[in-house]
Amino acid sequence: MGGFHLADLLVTLRLRWRLLALAFAAPVALGLGLAPLLPTRHTAESVLLVQTSREATGAPDVTGFGPSVIPVEMLKVSRAELEILRSTEVLREALRRAGLHTLFPDLRDEGGAAEEKAVEALQLALKTEADTASTILRVSLTLPDRGRALRGLEAVVGAYLDRRAQMYADESARLLMAELDRYNQRIRAVEEQIRAVRAQYGVLEIGQDIQLAATRREELSRRENQVREQQATARAQLAAAEAALAAQPGRVFASSEATNLAPGDDSRGQLARLMLERERMAGQYTADYPGLRELDQRIAALRGAMRENARATFSTTREVRNPNVEMLSQRVVSLRLDAEALDRQQAELTRQRQEAEARGGALLVAEQRLRDLGREREGFEAIARQLTTREAGSRIGEEARRQGRPGVQLVQPPAAPLQGRSLRRLVAAGGIAGGLGLAGGLALLLTLTRRVLATPEEAERGLRLPALARFASLAPAARDLRPMPPVEDLVALLRDTRLQGRRPRIVQLVATGPADGRDELGRALAVALARREAGDVALLDLQTDGRGHLAALGSQPVEAERIPGHVLVYSTVLPNLWISYQAMESDLTNPRASREETQTLLDRLRAAFDTVVLVGPDETENYAMRRLAAMVDANLMVVRGERTRGPEARAVRDWVLGSGGALLGFAFTGQRRLLPPALARLL
């Protein structure tokens, strides 16, 4: 809007003072509210000295006696030491030494990220500073408790010194040691693979196992051949026995016997036994002993029976089974059992031979794998021996070079004052400063983004047009018909204005917004012109139908014949003032009317009235209004303070000038005192 001015900022302060006051009060209230809640904080401080040697830089000495240390290099070394001290690994080690929850007891472990949060909190609480003129390093740690601050800083300094010693101690030797460990791990892995292969294939000594497997395979093959021979022999014997058995008869003649003894007759034996018994009893007893008489009777009976049996004759013929059939049958059964046993033995030997062959093949695979793993282990062992030798030499060389690296000495151990510091005053002052800054920034932002024209000066800068009149309120002149000096001045200006040597007789009040006050301004101008001029004055309202103007001037529309395209006007309480009715339906705003018809209507208005005031419509973008703006004698923009937007007003200005119309300037309505008069005059 024509550049930034201090007056614009002050006007914004006047218009948006509530919002700016809120913007100022919010940070102030926040600062004053937080200040009592802030705890007292203790700062533990330690001082370190970096001793930079000549070997730490490569800058040549101008004397030629050797390298020197320049201030730039010393500053680089100091800053490098500070970066090591603030590194994450050092802070993690410090937290492990001091205790994470000891330094930050209020820290909660949410999702297992307590250590990361503690590292971030320690980084925020730790402050490091390097002196630009020396190699002094200042390290401080600020915590709410003095004991925790001292303990935390001691842990940080200790972890830094240990980390630094570890870094400078582990150079080539550390890399070689790591490589040596890696190869030792690979050797152990290969040995584990060898043990796994041995366990998988059941190998104790691969050479002996292969030899034993081959020997067993040969033995099983030999036995299998022997069993085959035995099977052939058994089958031949079985076939011969079966053939002989088939040729033998089943039974053969054994003997033929003829006798007069009945089968099973033992009477002779009984007689002999009875005779012996009588002789024994006769020797012991007398002849008249009853037992002897009984025994004689039995002997006589037995002899009679024998005489009866002697008259019968018996014969026996015996045939027996062929003994060759029995022998050959047993032989056939025996040979069959032997053949079945040999078949089973052959199958078992075949299975064992196949297992032996599979074992031999597996041992060959195991031998290949063990040979490859052995070569790999030998290569790793050779490399490990070389790395061991090189690591020892590198360690000795590093120990010799360590004397040339920069060292760090602890000048002041961690110490903290007994009295802590509080940020209450600083936070309160920061709240006030923040309120001022926020309010000022918001005011500047509102000023730069404000589009409404609040003062005539802003309108003049934004539109690059002169302000012909300024009005606070037009109600007395428009409603009460009372004279107003600003209106009279504008009327005098319009009467004195000459365009191409002629006074403008048809003046259009161009709209810049729906409520810019041009209806009241048009009525006030028409009334002032009617009072001053002797000729007739017409007020043509293209914004409304004109009933409001007629009512304010004591008149009203009546039924009358209307000529299409013409303007219908009615008289008012002022004898020479006429008000239009439904002028928006005339050829002035009709886009279907030709330019000649519009010009004819304007010429008739000039002939009928001494001055015509046109109140332009809200819609100004159509062609009819562009044409009207170019055909009237003069155009006067109406800008409403704090309502009319600058872009819209500039757009109206551009289309009026672009259409070829004469634009005198603008009239500013709704003006009010935003700044004190003295300040306004000063600005």
Problem - Qualifying salt bridge (charged side-chain N to carboxylate O under 4.0 Å, His left out) pairs, either residue in residues 507-517, two or more places apart - result: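 Residue pairs with at least one partner in residues 507-517: Asp516-Arg518.
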Problem - Set of salt bridge (charged side-chain N to carboxylate O under 4.0 Å, His left out) partners for Arg92, sequence neighbours left out - result: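 Expected list: Glu89, Glu115, Glu116.
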Practice task
Go through the structure and list residues passing salt bridge (charged side-chain N to carboxylate O under 4.0 Å, His left out) with Glu597, not counting sequence neighbours.
Solution key: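 Counting only residues at least two positions away or on another chain, Glu597 forms no salt bridge (charged side-chain N to carboxylate O under 4.0 Å, His left out).
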Just to verify, what does [X] make a side chain to side chain contact (heavy atoms under 4.5 Å, CB included) with, not counting sequence neighbours?
| X | answer |
| --- | --- |
| Thr572 | Leu553, Leu574, Leu577, Ile579 |
| Asp633 | Pro504, Arg505, Ile506, Arg606 |
| Arg604 | His566, Thr600 |
| Glu648 | Arg645 |

Test of understanding: with side-chain hydrogen bond (donor to acceptor under 3.5 Å, both in side chains), list the residues that count as partners of [X], not counting sequence neighbours.
| X | answer |
| --- | --- |
| Arg547 | Asp545, Tyr581 |
| Ser580 | none |
| Thr544 | Asp541 |
| Arg627 | Thr598 |

Only distances under 3.5 Å count here; give the side-chain donor-acceptor pairs of residues 488-496 to other protein atoms, sequence neighbours excluded, each with its distance to 0.1 Å.
from   : atom 1 : to     : atom 2 : distance (Å)
Glu488 : OE1    : Arg532 : NH2    : 3.1
Arg495 : NH1    : Glu533 : OE2    : 2.7

